[in-house]
Amino acid sequence: MGSAEVMEGRDRVRRVACPGSFDPVTNGHLDIIGRAARLHDEVIVVVGANQAKDNLFSVDERVEMLREVTTDLKNVEVGTFRGLLVDFCRANDISAIVKGLRAVSDFEYELEMAQMNYRLAEVETLFMTANPVYSFLRSSLVKEICRYGGDVSSLVPELVLDRLRTRLAVG
Ligand code: PNS
């Protein structure tokens, strides 16, 4: 490869998407977002707004929490998408999707989506292994534990903890 080709590659903005439900954002999500932000020029965190799940927080609330907890990450933006993720990627010049893998159990589902997204629009998926400290962490567990009075203070940012306690009406 000649140096011109190398420079051409360097000049391109590497914009990636970190998609998810983020209901709500956890420290595990933040770890992946922060690490993705160190590796790429721009990271667009996108909340999926298709109506499939019974969420605790509205899309706007999830976006607001994500914006607040990523304010220090200057190359991170937060948005939403409806419909197919690959259509959002194509419309926003996003070359790759970044996903965190916590355990082998995540892999089968994620592999299927990654292959389908490539088949649909040649959008790449990059997997980052979760920090082992957070390998057991998922939003649904956080909500359940909080609902029944368990301590989730080390698993979510402080402002998310406050919102969770208010929404679930626990002390
Ligand atoms: O945090 P989640 O629930 O694992 O996020 C899943 C999400 C929103 C990333 C995924 O469901 C998605 O990409 N939905 C958009 C619809 C789509 O593109 N479906 C085809 C996938 S191959």
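Remember, it's 1-based here, ligands and their atoms both numbered in the order they're listed. Just so you know, these numbers come straight off a predicted model, no measurement behind them.
- Nearest residue to atom 1 (O) of ligand 1 from Ala121, Gly48, Ser21 is Ser21 (criterion: closest heavy atom).
- Rounding to the nearest 0.5 Å places CG of Asp93 at 5.5 Å from CZ of Arg15.
- Looking only at protein heavy atoms, the nearest one to atom 18 (O) of ligand 1 is Leu85 N, 2.9 Å.
- Counting only heavy atoms of the protein, atom 22 (S) of ligand 1 lies nearest to Asn117 OD1, 3.5 Å.
- When each atom of ligand 1 is checked for a heavy atom of Gly20 under 4.0 Å away, the hits are 1 (O), 5 (O).
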So Asp60 and Ser58, side chain to side chain donor-acceptor pair (under 3.5 Å) or not? Walk me through it. CA-CA 5 Å; Asp60 287 347; Ser58 70; 5.4 Å; no
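- When the options Arg138, Glu144, Lys143 are evaluated for a side-chain hydrogen bond (donor to acceptor under 3.5 Å, both in side chains) with Ser140, the one that passes is Arg138.
- Counting atoms of ligand 1 from 1 in the listed order, those under 4.0 Å from a heavy atom of Asn50 are 15 (C), 16 (C).
- Checking Ala49, Pro19, Cys89, Ala17 against atom 9 (C) of ligand 1, the nearest heavy atom belongs to Pro19.
- With a 4.0 Å heavy-atom cut-off, ligand 1 is reached by no atom of Val86.
- Protein heavy atom closest to atom 20 (C) of ligand 1, with residue, atom name and distance, is Leu84 CD2, 4.0 Å.
- Contact check on Arg165 versus Asp162 returns no salt bridge, with no Lys/Arg side-chain nitrogen under 4.0 Å from an Asp/Glu carboxylate oxygen.
- For Gly83, the heavy-atom gap to ligand 1 drops under 4.0 angstrom.
- Ranked by closest heavy atom to atom 21 (C) of ligand 1, the top entry among Gln115, Met113, Glu110 is Met113.
- Side-chain contact check for His29 versus Cys18: every heavy-atom pair is 4.5 Å or farther apart.
- Nearest heavy atoms, Val123 versus Ala96: CG1-CA, 4.4 Å.
- In this structure, Met65 CE and Thr70 OG1 are separated by 12.5 Å, a value rounded to the nearest 0.5 Å.
- Atom 6 (C) of ligand 1 is never approached by the protein to below 4.0 angstrom, counting heavy atoms only.
- Contacts of Phe22 with ligand 1, taken as heavy-atom pairs under 4.0 Å, are absent altogether.
- Among protein heavy atoms, atom 14 (N) of ligand 1 sits closest to Phe81 CZ, 4.0 Å.
- Screening Glu158, Glu61, Glu68 against Arg163 for a salt bridge (Lys or Arg N to Asp or Glu O under 4.0 Å) leaves a single residue, Glu68.
- Side chains of Asp23 and Ser21: no donor on one and acceptor on the other come within 3.5 Å.
- Proximity to Met116 (heavy-atom distance under 4.0 Å) selects the following atoms of ligand 1: 22 (S).
- The protein non-hydrogen atom at the shortest distance from atom 11 (O) of ligand 1 is Tyr109 OH, 4.4 Å.
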